[in-house]
Structure formats: structure tokens, C-alpha cells
Amino acid sequence: MQNYIHSLKKERKLRFCFSICTIVLSAFLQCYILNVFMDPCNLISGGFTGLALLIHKICALVHINFPVQIGIILLNIPAAALCYKYISHRFTFLSCLNFFLVSFFLSTLHFEPFFRDEILNVLFGGFLWGFSISLALRAGGSTGGTDFIAQYVSSRIHRGIWDYVFFFNVAMIIVFGYFCGWIYAGYSIIFQFLSTKTISTLYQRYAQITVEFTTDDPDSVIDAFMAACHHGMSVFECYGAYSQKKHYVCKAVISTYELRDVIENVQKVDPKVLINTYNTVNFYGNFYQKPLE
């Protein structure tokens, strides 16, 4: 038992170190994208980083210097305090590390534009921006800002709200267009649309999937399943048309993030188990959502 606890603690430390490395990479990517793809086209992103950029650009119109780095930190601190109280200390720490690093990198690093074409900057920048945010989310953190709000609400309703975040960002970009030019706002909306779709594709913590196990040993499958997650399972008796033998179908709805662990656990106790999975569009009823660490 002590060896198991020691192994578990070691695994958690390794995962935490890996998460920190991923957060650093995410922050570096955001700084790179801001310099290389966004600045040459006068774009703004979504979230609090975009809001900081918007404030910076509006202040510049009246000859006031409002550093983007300071804006990112000031806007994120209240949201971080909310998440620290209601979501997760680990999630909040990793998120704060991300936006502090973004602010630091913007102050110390500078990169030259890669493309001179505005369309290419919007397309590649939008995809990479969404990828950088997905990295932070999959590491167990976020990039702060509206990611804080999205994770807070998603943890309460057990589904992603990235499409709603997109509409909030569009409203902010419209304000940007009024002050700085509609063509830049149009490009920024396309940029934001691409990044939102990238996040929705790469980060599916709240997506659900139905998994079915056909087995001759349902008790072992149930035990292995319960050891990997906290969901219920229905067991049906069936008859194999080919084998002409009695079998059992064990069926459950789980999070896509839990699928790999569940399958590995079940296959260990029953190597001959038949596994079928299919997407669950809507699930109504009590569903256990593993909280953010």
C-alpha cells in the first residue's frame, strides 16, 4: 500500500512538472503569435489579452501609453481570485503562471513578422492562437481571462461554452472596429473564429462518449471500470449469434478524457473483451464530471 501511495505521488509530481513545461510553451507561443502574426495586421485576440490590446490601442489614439503587459495582469487578477476560491488551486496557479509569463515574454522578447500577407497572418495566427490556448487547457490550466470564466461555468453545467465566449469576443472586436477601423475588426473576427474552432476541436474535456464492453466476465469488467472512473454502468445479458453462447454487454457514458484509462483497465482484466464506442450528443440525468485538479 505504501509503495502504491509513493508511486502515485511520484506520478502526480511528474504530471505537474510536465504541466508547467506545457504552460511555458503555451505562453511563449502566445508571445510569438502576437509579434509575428497579430501586430503586422493590427489584430486583437479574444479574452482579457484582447481586451488589454484594445485598451492599449484606444489609449494610443489619445497619446496615452498603456502597456499591454500591465493590462493583462490587472484584468486577470480578479478572475484568478474567483477561480482560486471556486475551481482549483492547481488550475489557478497554472493559469496565473501562464499570463504572467506572457506579460514577461512580451516585455523581453521580440520576433519579426513571418508573412507579409494579411490573409496568411490571420489564418496561421488564428489556428496557432487556438492551439496555444488548447495547450494550456490540456495542461490543467488556462490562459486566464475568459478561459477562467469558461472553465468556471463549464464545471457547473458540465459542457463547454466556447461558442458563447466567441460571441463575447465578437462584441469586443466590434468596439475595436469602431475606434481602429472595420477592416481590422473583420480580420480579427476571422482570427477569433479560427482560434475558437481550434479550441473546440482540440480540447474536449466536457464531451461525452458511450462505451460498450461485450464480455463473458462482467464482474471483472465492472470492477476495472469503477477503478478508473466514478460513473454508473448498465449490464445486459445477450446471446452471440456466431458463438451461440451467452455474453454480457456492459454499457456506460463517460467523459472522453476518461476513455483511455477505462479501456486500459478493462483490457487488463479481460484481454478478449469487445469494445465499442460512439459519441453521445445529449445526456440527461446525473453525470459525474471529474473536477479540475
side-chain contact (heavy atoms from CB on, under 4.5 Å) evaluation trace for Asp117 with Phe124: CA-CA 11 Å; Asp117 184 83; Phe124 279 90; over 6 Å; no
Euclidean distance, Thr198 OG1 relative to Ile133 CD1, rounded to 0.5 Å: 9.5 Å
Working for side-chain contact (heavy atoms from CB on, under 4.5 Å), residues Gln267 and Val273: CA-CA 7 Å; Gln267 286 180 327; Val273 66; 4.2 Å; yes
Full working for side-chain contact (heavy atoms from CB on, under 4.5 Å) between Ile275 and Thr277: CA-CA 7 Å; Ile275 304 173; Thr277 65; 4.3 Å; yes
Contact summary for Leu43 and Lys57, nearest pair of heavy atoms: O-CE, 4.0 Å
Heavy-atom donor-acceptor pair, Arg138 side chain to Leu202 backbone, under 3.5 Å: yes
Leu34 and Trp129, any side-chain heavy atoms less than 4.5 Å apart: yes
Spacing of Ile263 atom CD1 and Ile254 atom CD1 [to the nearest 0.5 Å]: 7.0 Å
Backbone N/O of His110 and side chain of Asn35: donor-acceptor pair under 3.5 Å: no
Any donor-acceptor N/O pair, Asn121 side chain to Arg116 backbone, under 3.5 Å: no
From CD1 (Ile199) to CG (Leu194), nearest 0.5 Å: 11.0 Å
Greater than 12 external heavy atoms within 6.0 Å of Phe115's CZ: yes
Cluster link Ile64 to Leu75, ILVMFWY, side chain under 4.5 Å: no
Short side-chain to backbone donor-acceptor contact, Ser195 and Gly130, under 3.5 Å: no
Side chains of Val266 and Val211 in contact at under 4.5 Å (non-hydrogen atoms): no
side-chain contact (heavy atoms from CB on, under 4.5 Å) between Tyr187 and Asn42, worked out: CA-CA 9 Å; Tyr187 280 138; Asn42 196 28; over 6 Å; no
Hphob cluster co-occupancy, Tyr239 + Val221, side-chain heavy atoms under 4.5 angstrom: no
Ser188 side-chain N/O to Tyr184 backbone N/O, donor-acceptor pair under 3.5 Å: yes
Arg90 to Gly140 - nearest heavy-atom pair and separation: NH1-CA, 4.0 Å
Straight-line distance of Ile73 CD1 to Cys96 SG, nearest 0.5 Å: 10.0 Å
Whether Asn98 side chain and Leu94 backbone form a donor-acceptor pair below 3.5 Å: no
Spacing of CG belonging to Leu101 relative to CZ belonging to Phe105, to within rounding of 0.5 Å: 5.0 Å
Heavy-atom closest contact (Asp216 atom, Lys246 atom, distance): OD1-O, 3.7 Å
Phe66, CZ: over 12 other non-hydrogen atoms inside 6.0 angstrom: yes
Phe191 reachable from Leu120 in the ILVMFWY side-chain graph, under 4.5 Å edges: yes
Stepwise side chain to side chain donor-acceptor pair (under 3.5 Å) test for Ser26 and Gln30: CA-CA 6 Å; Ser26 172; Gln30 290 173 69; 3.3 Å; yes
Ile190-Tyr178 co-clustered via ILVMFWY side chain contacts under 4.5 Å: yes
From Thr22 atom OG1 to Leu137 atom CG, the distance as rounded to the nearest 0.5 Å: 11.5 Å
Parallel, tilted or perpendicular, as decided by the 30° and 60° cut-offs, for the rings of Tyr32 and Phe111: perpendicular
Check: Thr280 side chain, Thr210 main-chain N or O, donor-acceptor pair, under 3.5 Å: yes
For the student: nearest non-hydrogen atoms of Ala224 and Asn265, plus distance: O-ND2, 3.3 Å
Min side-chain heavy-atom separation Phe18-Leu14 under 4.5 Å: no
Aromatic contact, Phe127 with Phe37 (centres under 6.0 Å): no
4.5 Å side-chain heavy-atom contact, Val269 and Asp223: no
Connected via hydrophobic side-chain network under 4.5 Å: Leu74 and Leu51: no
Any donor-acceptor pair under 3.5 Å from Tyr248 side chain to Thr214 backbone: no
Heavy-atom pair of closest approach, residues Ser45 and Leu53: N-CD1, 4.0 Å
Nearest heavy-atom neighbours spanning Phe179 and Ile58: CD1-CD1, 3.8 Å
Contacts of type side chain to side chain contact (heavy atoms under 4.5 Å, CB included), residue Lys272, not counting sequence neighbours: Asp270
pair Ser132-Thr143: side-chain heavy atoms closer than 4.5 Å: no
Parallel, tilted or perpendicular: ring planes of Phe213 versus Phe225, cut at 30 and 60 degrees: perpendicular
